[in-house]
Amino acid sequence: MVPADAGGDLMRGDLLSDPVEGLDEALAVVDAFDGVLVTGLLRPGPAQATAVAGLAEAVAGTPLAVRVAEAAGRVTAGAAGEDDFVALAAARSALLGSVHDALALRIDEAVGRPGPEEMPAPAAGPEQGTNLLAAARSWLCDLARSGWRGIDHELVAGAAPVVSAMLPDPGLRRRATLLDGFAAELAASCPGSTLERVPVRRWADLWSRALLLTVPGSAGERPAGAVTGRLLPLGVDVQEHATAVQAQVHAVFEPADGGAPRLVRAGVSAPKPDTVVGAGLWQLLRPHMSLLGAASEGRSMELDAMPVTVEGDLVWDDERARPGEPADAFATARVMLSAATAARVAPLDRHPVRIAVPVLLEGYTTRSDEGRLAFDLAGLPVAVDTDRMPAAGPLTPEAVAASGACVGLLRWDAGEFLLQPLAVETTVRKKTVAVHAGAWAGGTTDKAGVRAEKAATDAVAVLRERAGRLLRK
């Protein structure tokens with residue numbers, strides 16, 4: 001991650017640019033099957049039959065082989081049942097899981113970091129709401145038969161009663177949210193026959209994940225524990241949508257018992273009106289997680305029996321955390337990041353889009369490749385994804401272009417590895433200054449940030465006043 005002449009290990013940029021064996025072939029099979037879902041499987045033609053057969057052939061050497069081959073035969077004959085669609089979704093998920101694993105292994109090799117920890121198998125406890133899961137599965141199978149071009153408001157509306165019945169049950173709420181969001185996207189695109197462009201990969205991802213989660217026991221409880229020690233924030237990743245916002249703090253956890261440091265995450269999300277944007281987002285998130293303030297102040301947190309999942313996600317509880325000593329993110333990255341171990345990803349979550357590995361880059365030069373920023377590491381370019389940097393912070397493409405060190409998330413998108421900057425070190429008036437994407441999370445005196453927060457405060461006040469008037473009526 002740090003060039004050898006700077007005293008650290010050299011990130012193997014060549015490994016990030018070299019092709020991964022079998023990756024293109026696996027993605028081609030997935031793309032072909034996703035194309036089948038565009039037109040639907042009610043009356044499959046020769047091209048669709050070939051794509052489904054290709055999916056079965058791709059998993060021929062796995063435990064799924066017999067079941068998927070049988071499903072492919074019935075789908076081709078137009079006689080597929082719900083179990084057959086589940087088998088095809090499982091095969092698709094397995095292929096994308098293999099892509100995820102190959103890319104994650106390549107990153108570990110390039111960065112020189114220890115492999116992920118082993119994960120215990122999820123505990124298959126009693127499943128609640130099996131009838132509701134069956135109803136959701138029936139709706140998803142009807143979608144596969146109609147295809148994205150065949151959707152209409154009547155078909156999409158079939159999800160509404162299922163979602164309404166699932167939401168009150170805490171054990172089904174996450175699945176209900178997935179179905180609700182998927183149905184909302186489809187409803188906004190009805191009728192499918194008029195769509196100029198279909199989000200093929202995205203809808204296939206949502207469909208296959210939702211379908212697999214309707215299988216009883218698929219969302220088995222993942223054993224979780226509690227950790228005590230020091231949390232050292234690296235940076236904040238913000239994901240914003242029209243009606244929701246999420247902030248995820250990536251950090252290194254140092255156990256109090258002297259164990260090996262671990263890579264962990266802590267996230268907080270909140271619903272939002274579409275008028276609240278930019279730095280105003282922090283007003284919605286701050287009350288729920290004190291860690292945001294510590295991250296923006298460059299301070300560690302002392303944790304006491306903080307719940308954590310086996311995937312490295314802290315189940316944040318402010319009562320179990322208190323502010324610690326100052327902790328510079330770049331110092332943490334230089335000293336501890338290369339030795340920190342990551343948790344293994346759960347089977348159903350293995351997907352290339354999930355890849356977000358914290359890394360430190362130093363000693364690079366910046367250049368523009370076809371109008372896109374890249375870091376040059378010993379002649380090897382690493383593309384920089386400045387589009388992911390939030391407007392809710394002071395980190396700008398100009399600051400990244402002028403930087404000499406960067407803490408970021410290594411991702412994979414559209415066939416290549418990309419670096420999403422979380423913080424950079426740059427020189428201002430001959431002095432090294434750190435600029436963080438999450439610098440305004442705990443509040444700011446920056447003029448632009450103050451203006452954005454004031455505008456958000458005014459917008460929220462107006463919305464609350466209007467909501468109060470409606471309730472009084």
Side-chain angles (χ1 to χ4, degrees), residues 1 11-20 23-24 26-27 30 96-113 115-116 199 201-202 205 209 233-241 246-252 263-267 311-313 329 333 337-338 340 342-346 349-361 364 366 369-370 372-377 380-393 395 397 400-401 403 405-424 436-438:
M1 296 174 296
M11 184 168 91
R12 293 283 306 279
D14 58 317
L15 291 177
L16 299 183
S17 58
D18 288 348
V20 178
L23 184 141
D24 290 340
L27 290 176
V30 172
L96 286 172
S98 69
V99 171
H100 170 280
D101 291 351
L103 292 170
L105 178 61
R106 178 60 60 88
I107 291 175
D108 287 342
E109 293 174 349
V111 203
R113 183 174 297 159
R201 174 66 64 81
R202 174 173 174 80
D205 280 343
R209 179 170 178 80
L234 293 168
V236 185
D237 177 25
V238 180
Q239 299 170 22
E240 180 185 356
H241 298 276
Q246 180 187 55
Q248 192 171 57
V249 180
H250 290 261
V252 174
L263 289 174
V264 296
R265 301 173 296 267
E311 293 186 86
D313 290 295
L337 190 52
S338 63
R344 194 173 294 277
V345 180
D349 294 337
R350 291 161 56 242
H351 190 292
V353 77
R354 286 265 314 197
I355 294 174
V357 180
V359 295
L360 168 69
L361 297 183
Y364 53 79
T366 58
D369 287 339
E370 299 179 357
R372 187 174 64 168
L373 186 65
F375 290 159
D376 190 308
L377 285 169
L380 295 166
V382 177
V384 180
D385 188 358
T386 55
D387 291 339
R388 283 184 179 266
M389 296 190 311
L395 187 61
V400 175
S403 67
C406 177
V407 171
L409 298 176
L410 195 58
R411 296 183 178 274
W412 189 85
D413 187 31
E416 64 177 340
F417 287 103
L418 301 171
L419 181 73
Q420 174 194 345
L422 297 179
V424 298
H436 294 259

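Atoms considered below: every heavy atom in the structure, side chains included; atoms not considered: hydrogens, waters and symmetry mates.
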>> Could you report the tightest heavy-atom contact between His436 and Ala423, atom names first, then the distance?
In response: ND1-CB, 3.3 Å

>> Could you report the tightest heavy-atom contact between Leu263 and Ala342, atom names first, then the distance?
In response: CD1-CB, 4.1 Å

> Is there a side-chain contact between His100 and Ile355, using heavy atoms and a 4.5 Å cut-off?
Replying inline: yes

>> Please determine whether the number of non-hydrogen atoms from other residues, nucleotides or ligands lying under 6.0 Å from atom CZ of Arg201 exceeds 12.
In response: yes

> Relative to each other, are the rings of Tyr364 and Phe375 parallel, tilted or perpendicular (30° and 60° limits)?
Replying inline: parallel

> Closest approach of Leu96 and Pro352, non-hydrogen atoms and distance?
Replying inline: O-CD, 3.6 Å

> Is Arg388 salt-bridged to Asp413, cutoff N-O under 4.0 Å?
Replying inline: no

> Given side chains that start at C-beta, do those of Glu311 and Val345 come closer than 4.5 Å, heavy atoms only?
Replying inline: yes

> Rounded to the nearest 0.5 Å, how far does CG of Leu418 lie from CZ of Arg372?
Replying inline: 6.0 Å

>> Can you give me the closest heavy-atom contact between Pro381 and Ala374, atom names plus distance?
In response: CB-CB, 4.3 Å

> Can you tell me if Arg265 uses its side chain to pair, donor with acceptor, with the backbone of Gly312 under 3.5 Å?
Replying inline: no

> Which distance, rounded to the nearest 0.5 Å, do you find between the CG of Leu380 and the OG of Ser17?
Replying inline: 5.5 Å

> Between Asp349 and Arg209, is there a salt bridge with N-O shorter than 4.0 Å?
Replying inline: yes

> Among His250, Gln420, Gln248, whose side chain to side chain donor-acceptor pair (under 3.5 Å) with Asp237 holds?
Replying inline: Gln420

>> Would you say that Met389 contacts Val400 through its side chain, given a criterion of any heavy-atom pair below 4.5 Å between the two side chains?
In response: yes

>> A side-chain contact here means heavy atoms from C-beta on lying under 4.5 Å apart; do Arg202 and Val353 qualify?
In response: no

>> Nearest 0.5 Å, please: how far is CD in Glu416 from CG in Leu16?
In response: 11.0 Å

>> Nearest 0.5 angstrom please: Leu361 CG to Ser403 OG, how far?
In response: 9.0 Å

> Mind checking whether Val407 and Pro358 have side chains closer than 4.5 Å, heavy atoms only?
Replying inline: no

> Any idea which heavy atoms bring Pro390 and Val238 closest together, and the distance?
Replying inline: CB-CB, 3.8 Å

> Any side-chain heavy-atom pair from Val384 and Pro421 closer than 4.5 angstrom?
Replying inline: yes

> Got a second to check how far Leu23's CG is from Leu103's CG, nearest 0.5 Å?
Replying inline: 5.0 Å

> Quick one: NE2 on His351 to CG on Asp205, what's the gap to the nearest 0.5 Å?
Replying inline: 3.5 Å

> If we only count heavy atoms from C-beta on, is the Asp385 to Leu419 side-chain gap below 4.5 Å?
Replying inline: no

